[in-house]
Visitor: 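The structure is given below, and queries will be raised subsequently.
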Amino acid sequence: MKKWDKIIMFTILFLAVIGALYFYLAGAQEHTDKMLVVRHHGEKIFEIILTEDTNETFVFENNGERNTITIEKGIVFIEEATCRDQICVNHRRIHRNRETIVCLPHGLVLEIFAYDEPILFDSIVE
Amino acid sequence: MKKTSNQTREMVFMAVLVAQAIVLSIVERWISGPFIMVPGAKLGLANVITVTALYVLTLKQAWVVVVMRVILVAVLLGSLSTLLYSGGGAVLSFVVMAFLIKQKAVELHPITISIVGAVMHNIGQVMVAAMILETWLIMSYLPWLLFLAIPTGFFVGVSSSYLKKHLAKIL
C-alpha cells in the first residue's frame, strides 16, 4: 500500500459517505406530502399521493410481465412479480423522499418524491 | 504470455480465461445472498478474470477476453438487458483499469486496481440503468455499491493474484 493506493481508497470512501449522506438527508426532510411515481422505461404509468392512510394496490401488466405494487399505510412495496431475479420483491419497503424500488428485468421504477417540489423533479426527469 | 510467439497457444489461453469467467459468473448466481442490503449487489467474481487478463495478456487480448465474456454470459445466462447492463459496467471498468495499469506516473497495487475496477463496474451499470429507465434516482444505490466495492474489490484482487501465480505454471 503506497501513497496513491491510500489516496484512491479514501476518495472512494469519501464519495460514498457524501452520497449516502445526501440521500439520507433528502429522506429525513419533513414534507407535507409525498408522491409515489411509477414509471415503465421512463413513461409515467401511475402516481398517487402518499399519506399515512394510503392503502392501494396497483398491478402493472405488460406482455405477461407483472408487478403487484402494494401501499399499506403509506408504505410502498412490491408484493409479487413475475421477473426472474425477484430483487424488487425482496427490496425493503420504502416511504421516504427519494427512495426507489427498481425492477430491472421489467424496466419498472418506483420513486417517492416530496410533494412540494414536483416542478424541479419534472424538469430533471423529463 | 507475451514471450511466446505461438498464436494457437495464446488463443487457447484466452479461451481458457473466457471459460473460467463464464464458470465464475454461474457460481456467482448461487452466492449473491450475502448482499441483500443492497439490492442486486454482487461479488463481481468475473472481474477476477479481467484483472488477471490485464496483467498477463496484451491490452488487445485482454479486451477480446472481456468482450467475449460479456457476450457469452449474456447469451448463456441472461438476456439483451443483461448485455447492456453488464456491458456498460465491464467496458468502463476495463478502460479505467487498463489506463491505471499502463500509466507510468504512479505504481498502484493490484488490489487498488481491482477495487477501482469494481467501483467503475458499478458506476457503468448504474449509468446504463439510469439511461434505460430514465431515472436519476437510481443513483441512490451508488453510495452503498461504492462501500461494497471495497471489500469485494479486495477479494477479487487477492483471488486474481492467486490465479496469476497458478497460471504462470502453464504459460
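Each chain gets a letter, A, B and so on, in the order its sequence line appears, and its residues count up from 1.
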Visitor: Would you find more than 12 non-hydrogen atoms of other residues, nucleotides or ligands less than 6.0 Å from Glu107(B) atom CD?
Guide: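 Result for CD/Glu107(B): open.
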Visitor: For Leu104(A) and Tyr85(B), which heavy atoms make the closest approach, and how far apart are they?
Guide: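 Closest heavy-atom pair between Leu104(A) and Tyr85(B): CD2-OH, 3.3 Å.
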Visitor: I'd like to know if the side chain of Asp5(A) reaches the main chain of His109(B), judged simply by a donor and an acceptor atom lying under 3.5 Å from each other, with no hydrogens or angles considered.
Guide: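 At least one qualifying donor-acceptor pair exists.
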Visitor: Are more than 12 heavy atoms, taken from residues, nucleotides or ligands other than Phe60(A), located less than 6.0 Å from that residue's CZ atom?
Guide: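 Above 12, so yes.
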Visitor: Please flag which part of Val109(A) lies under 4.5 Å from any non-hydrogen atom of chain B: side chain, backbone, both or neither.
Guide: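 The side chain, not the backbone.
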Visitor: Quick check: closest heavy atoms across Met9(A) and Thr112(B), and the distance to 0.1 Å?
Guide: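 Looks like CE-OG1, 4.2 Å.
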Visitor: More than 12 non-hydrogen atoms from neighbouring residues, nucleotides or ligands closer than 6.0 Å to CZ on Phe154(B), yes or no?
Guide: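 Open: at most 12 neighbouring heavy atoms sit under 6.0 Å from CZ of Phe154(B).
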Visitor: Are more than 12 heavy atoms, taken from residues, nucleotides or ligands other than Gln103(B), located less than 6.0 Å from that residue's CD atom?
Guide: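 Check passes, neighbour count above 12.
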Visitor: Can you check side-chain contact (heavy atoms from CB on, under 4.5 Å) on Phe147(B) and Ile12(A), steps first, answer last?
Guide: CA-CA 8 Å; Phe147(B) 276 125; Ile12(A) 293 168; over 6 Å; no
Visitor: Starting at OH of Tyr22(A), measure out to CG of Leu142(B) and round the result to the nearest 0.5 Å.
Guide: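 Interatomic distance, Tyr22(A) OH to Leu142(B) CG, rounded to 0.5 Å: 13.5 Å.
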Visitor: Is there a side-chain contact between His41(A) and Ile132(B), using heavy atoms and a 4.5 Å cut-off?
Guide: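 His41(A) reaches Ile132(B) side chain to side chain.
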Visitor: Please find the pair of heavy atoms, one from Tyr141(B) and one from Ile101(A), that lie closest to each other, and give the distance.
Guide: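 Taking every non-hydrogen atom into account, OH-CA, 4.0 Å.
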Visitor: So, taking the atom named CH2 in Trp136(B) and the one named CD in Glu111(A), what distance separates them when rounded to the nearest 0.5 Å?
Guide: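 Here the interatomic distance stands at 9.0 Å.
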Visitor: Are Val16(B) and Ile71(B) grouped together when hydrophobic residues (ILVMFWY) are joined by side-chain heavy atoms under 4.5 angstrom apart?
Guide: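 Unlinked, Val16(B) and Ile71(B) end up in two clusters.
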Visitor: Can you tell if the side chain of Leu133(B) reaches within under 4.5 Å of the side chain of Val102(A), non-hydrogen atoms only?
Guide: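 Result yes, sub-4.5 Å side-chain heavy-atom pair found.
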Visitor: At their closest point, which heavy atom of Pro143(B) faces which heavy atom of Ala16(A), and how far apart are they?
Guide: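 It is CB-O, 3.4 Å.
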Visitor: Can you hop from Val38(A) to Val59(A) via hydrophobic side chains spaced under 4.5 Å?
Guide: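 No: no chain of side-chain contacts under 4.5 Å links Val38(A) to Val59(A).
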Visitor: Examine Phe14(A) and Ile123(B) and state if one hydrophobic cluster contains both, with Ile, Leu, Val, Met, Phe, Trp and Tyr joined whenever side-chain heavy atoms are less than 4.5 Å apart.
Guide: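 No, because Phe14(A) and Ile123(B) fall into different hydrophobic clusters, even though each may have its own neighbours under 4.5 Å.
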Visitor: I'd like to know if the side chain of Glu99(A) pairs up with that of Ser140(B) as donor and acceptor (distance under 3.5 Å, no hydrogens or angles considered).
Guide: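 Looking only at side-chain atoms, Ser140(B) and Glu99(A) do not form any donor-acceptor pair under 3.5 Å.
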Visitor: Hydrophobic clusters here meaning ILVMFWY residues chained together by side-chain heavy-atom distances under 4.5 Å, can you tell me if Leu148(B) and Val51(B) are in one?
Guide: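 Yes, one cluster joins them.
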Visitor: Any chance you could measure Thr135(B), atom OG1, to Leu108(A), atom CG, to the nearest 0.5 Å?
Guide: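 Those atoms lie 11.5 Å apart.
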Visitor: State, yes or no, whether a side-chain contact exists between Phe23(A) and Leu137(B) at a heavy-atom distance under 4.5 Å.
Guide: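 Sidechains of Leu137(B) and Phe23(A): in contact.
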Visitor: Do Val119(B) and Trp4(A) sit in the same hydrophobic cluster, where Ile, Leu, Val, Met, Phe, Trp and Tyr count as joined when their side-chain heavy atoms come under 4.5 Å apart?
Guide: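 Yes.
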